[in-house]
Amino acid sequence: MFKSLKSIVAVLFAAIVSIQAVPAIAGDTVGKGTFVGASDHVTTGSVEVVKNADGSHTVTLGSDFTFDGAPDPRVGFGKDGKYDTSTGMGVLQSNNGKQSYIVPAGVDPSDYNEVYVYCLQFTVPLGVATLN
């Protein structure tokens with residue numbers, strides 16, 4: 001009987017340790033917001049920042065996303081009204097609809113409170129979404 005009790009305790013301990021060591025669940029939302037146009041541009045729609053199971057992050061513009069167009073639009077993060085060029089995730093894939101961007105390694109989305117559509121050519125914001 002003692003041997004059985006010892007086995008049960010070992011199994012329970014292993015279960016508790018494995019529960020505490022579970023990585024982030026794929027799809028954990030770490031922030032979301034709604035775009036507002038900037039610099040006389042119309043930018044609307046939702047955005048969501050998700051932490052993936054492997055620790056990376058993805059920024060997804062919602063199916064309701066729309067943008068009136070401009071040269072060289074990029075997606076990236078900013079804080080308190082200032083775009084950070086080092087967070088660039090690439091050129092805007094489309095002026096309308098759902099699209100996703102991988103956050104570059106070394107960029108921590110929790111350091112920022114905004115997602116931007118930004119014109120790199122003319123260094124002006126085209127749309128900003130404050131993250132909640």
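- To the nearest 0.5 Å, atom NZ of residue Lys51 and atom CG of residue Asp108 are 8.0 Å apart.
- In this structure, Thr34 OG1 and Asp64 CG are separated by 7.5 Å, a value rounded to the nearest 0.5 Å.
- Checked against a 6.0 Å centroid threshold, the rings of Phe35 and Phe65 count as neighbours.
- Contact record, Pro71 with Gln121: CB-OE1, 3.4 Å, taken as the closest heavy-atom pair.
- Distance alone, capped at 3.5 Å, is enough to place a donor-acceptor pair between the Tyr118 side chain and the Thr123 backbone.
- Thr87 contributes a side-chain N or O that, together with a main-chain N or O of Asp84, makes up a donor-acceptor pair within less than 3.5 Å.
- At distances below 3.5 Å, at least one donor-acceptor pair connects side-chain atoms of Gln93 with backbone N or O atoms of Ser100.
- At least one donor-acceptor pair under 3.5 Å links the side chain of Asp68 to the backbone N or O of Val42.
- When all heavy atoms are compared, the tightest approach of Asn95 to Gly69 is ND2-CA, 3.8 Å.
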Derivation and outcome, side chain to side chain contact (heavy atoms under 4.5 Å, CB included), residues Val49 and Val30:
CA-CA 6 Å; Val49 181; Val30 296; 3.4 Å; yes
Check the pair Asp80, Lys82 against salt bridge (Lys or Arg N to Asp or Glu O under 4.0 Å), reporting the backbone distance first and the verdict last.
CA-CA 6 Å; Asp80 301 331; Lys82 294 193 181 230; over 6 Å; no
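- Looking only at side-chain heavy atoms (C-beta outward), Leu61 and Tyr101 come within less than 4.5 Å of each other.
- Panel note: side chain Asn96, backbone Thr66; no donor-acceptor pair is recorded below 3.5 Å.
- Considering all non-hydrogen atoms of both residues, Arg74 and Tyr83 come closest at CB-OH, 4.2 Å.
- Shown here is Asp111, whose CG atom has more than 12 heavy atoms of other residues, nucleotides or ligands within 6.0 Å.
- Between the CG atom in Leu92 and the OH atom in Tyr116 there is a gap of 16.0 Å [rounded to 0.5 Å].
- Glu48 places no side-chain N or O within donor-acceptor distance of the main-chain N or O of Gly31, the cut-off being under 3.5 Å.
- The heavy-atom pair separating Val124 from Ser39 by the smallest distance is CB-OG, 3.7 Å.
- Side-chain atoms of Glu114 never come within 3.5 Å of backbone atoms of Tyr112 as a donor-acceptor pair (strictly under, hydrogens ignored).
- Val47 is not listed as a side-chain neighbour of Lys32, based on a closest heavy-atom distance of 4.5 Å or more.
- Between Leu126 and Thr43, the shortest heavy-atom distance links the atoms O-OG1, 2.7 Å.
- Looking only at atom types and distance, the side chain of Asn52 has a donor-acceptor partner in the side chain of Thr58 under 3.5 Å away.
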Side chain to side chain contact (heavy atoms under 4.5 Å, CB included) evaluation trace for Leu120 with Thr85
CA-CA 8 Å; Leu120 200 55; Thr85 57; 4.3 Å; yes
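- Considering all non-hydrogen atoms of both residues, Gly76 and Met89 come closest at CA-CE, 3.6 Å.
- At a threshold of 4.5 Å between non-hydrogen side-chain atoms, the residues Val59 and Val103 count as touching.
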